[in-house]
Amino acid sequence: MSNTMKAIRMYAPRDLRLEQVPIPEIKENEVLVKIMAVGICGSDIPRINQYGAHISPIIPGHEFSGVIVETGKDILNFKIDDRVTVPPILPCFACEFCDHGHYSLCKNYKYFGSRNDGAFAQYLAVPETNLLKVADHVSFEAAATADPLANALHAVERGGFQPGHKVCVFGVGAIGLYAIQYMKAKSASVVVAVDVDDRKLESARNCGADFSIDGRSADAAEQVIRVTDGGADICIDASGFPVAQHNAIMATAKHGTMVLLGISHQPLTLSEQTVDWVMRGEKAIVGSWNSFSKPFPGWEWELAVKALSDGTVDAEKVITHKLPLEEVPGIFEKIYRKELFFNKVLFLPWME
């Protein structure tokens, strides 16, 4: 094996370069993962196209799967040729939040692709604590979507989902589509999707949505209330846009829960009517951040791997692109220029 690999390094926002870099050297508690598929997360887009990362230069990317090709001497439960997916947070395991299993709130965490080099590369060194085995019949492409699936599952749990609930998802990218698939499979009585892109609404219907609503409509919230006969028991906003967040609060039923999931870089102003409806309807508004719990990496990741394996969800209904690593810079430029429709873009570092 050569001692160098292909990788995408970011030097500044919108400055992505395909380079030959050294293959990481593993520590005693790490394995070397040959990366077979890596996806674009919604958080990668503002990081790469606008804000930058915590260190520079950096190899971005944190949604990935692969196969173990080397193991450190302290590795106990994994071996060469194991197929794995990787939860991307690296908690300190020492702060009070880690002590309680709230690893997403860790005070001193690191993270593949934003605080540490990530997976837009052919290899990555990964601690054993961050490895999850993947069944042989699950494709590497599907396994690379375990991260957005785990995020969706965490949000569904934060909303208190139960079979029979009427549910609505605002913003149907990969996480929203997985939330729809899972809740439909687990017997939601009504599933509604809201988005501003007709193609995404078509994807949502393909994933099991009973109703699809154009989020550009002035009465989008009223439409949700109408098709759910009084509002959704759970409304998840996976878009991060204030108008969608506002509509999701309005469309939530009395004693229902609205989940803030989509990352937003904008303020949210609530109208007098909305505040009144929250109070009089005794609605709950909760946040959902990432996808980790105790024991690390948590039930969300274990369930995500299981759901991909047993057919509860179908990754192929979420994935829209499978491309070689060389196309990373061009794809982010197309996203920046709003020239690309996508749900989940995957890069295959070994694709010729």
> Please collect all salt bridge (charged side-chain N to carboxylate O under 4.0 Å, His left out) contacts where either partner lies in residues 262-275, sequence neighbours excluded, each pair once.
none

> Between A12 and S56, what is the shortest heavy-atom contact and its length?
N-OG, 4.4 Å

> Which residues, ordered by chain and number, are linked to L201 in its hydrophobic cluster, where ILVMFWY side chains connect at heavy-atom gaps below 4.5 Å, directly or through other members?
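Its cluster partners, ordered by chain and number, are none at all.
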
> So which atom in A121 and which in P349 form the shortest heavy-atom distance, rounded to 0.1 Å?
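In this case the closest contact between A121 and P349 is O-CG, 3.3 Å.
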
> For a quick test of your reading: what N or O donor-acceptor pairs under 3.5 Å do the side chains of residues 33-49 make, sequence neighbours left out?
residue : atom : partner : partner atom : Å
D44     : OD1  : R47     : NH1          : 3.0
D44     : OD2  : C41     : N            : 2.9
N49     : ND2  : F332    : O            : 3.1

> Considering all heavy atoms of both residues, which atom of I58 and which atom of R115 are nearest to each other, and what is their separation?
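Taking every non-hydrogen atom into account, CD1-N, 4.0 Å.
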
> Please table the atom pairs, donor to acceptor, closer than 3.5 Å between any side-chain atom in residues 247-263 and protein atoms at least two apart or in another chain.
residue : atom : partner : partner atom : Å
N247    : ND2  : V243    : O            : 3.4
T252    : OG1  : A248    : O            : 2.7
H255    : NE2  : E282    : OE1          : 2.6

> Y109 and Y103: aromatic ring centres closer than 6.0 Å?
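No, they do not, as the ring centres are separated by 6.0 Å or more.
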
> Fit a plane to each ring of H165 and F161, take the angle between them on a 0 to 90° scale, and name the class: parallel (under 30°), tilted (30 to 60°) or perpendicular (over 60°).
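Perpendicular, since the angle between the ring planes exceeds 60°.
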
> Between W350 and Y123, is the ring centre distance below 6.0 Å?
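Yes, close enough.
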
> Going by the ring pair (Phe, Tyr, Trp, His ring centres under 6.0 Å) test, which pairs reach into residues 265-287, not counting sequence neighbours?
Y51-H265

> For residues G171 and D195, report the shortest heavy-atom separation together with the two atoms involved.
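Distance-wise, the nearest heavy atoms are CA-OD2, 3.5 Å.
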
> Can you give me every donor-acceptor pair (side chain of residues 84-94, partner residue at least two apart or in another chain, under 3.5 Å) with its distance?
residue : atom : partner : partner atom : Å
T85     : OG1  : F64     : O            : 3.1
T85     : OG1  : A143    : O            : 3.0

> Would you be so kind as to tabulate the donor-acceptor pairs closer than 3.5 Å made by side chains of residues 150-160, with sequence neighbours excluded?
residue : atom : partner : partner atom : Å
N151    : ND2  : D147    : O            : 2.9
N151    : ND2  : D147    : OD1          : 3.2
H154    : ND1  : E300    : OE2          : 2.7
R158    : NE   : G287    : O            : 2.8
R158    : NH2  : G287    : O            : 3.1

> Taking side chain to side chain donor-acceptor pair (under 3.5 Å) as the definition, give me every residue that meets it alongside S291, ordered by chain and number, with sequence neighbours left out.
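Applying side chain to side chain donor-acceptor pair (under 3.5 Å) to S291 gives W301.
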
> When Ile, Leu, Val, Met, Phe, Trp and Tyr are grouped by side-chain heavy atoms lying under 4.5 Å apart, directly or through other members, which residues fall in the same group as L348?
M351

> For the side chain of D210 and the backbone of V191, is there at least one donor-acceptor N/O pair under 3.5 Å apart?
yes

> Using the test side-chain contact (heavy atoms from CB on, under 4.5 Å), find all partners of R280 that sit at least two apart in sequence or belong to another chain.
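Listed in chain order: D276.
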
> Not counting sequence neighbours, which residues clear side chain to side chain donor-acceptor pair (under 3.5 Å) with H137? List them please.
S309

> Look only at the side chain of Q181 and the backbone of C207, and say whether a donor-acceptor pair between them is shorter than 3.5 Å.
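The answer is no, because no donor-acceptor pair under 3.5 Å joins these two groups.
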
> Locate the shortest heavy-atom distance separating G215 from V194; write the atom from each residue and the value.
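That would be CA-CG1, 3.6 Å.
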
> Please list, chain by chain and in numerical order, all residues satisfying side chain to side chain donor-acceptor pair (under 3.5 Å) with E96, sequence neighbours excluded.
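With neighbours one apart ignored, the set is K107.
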
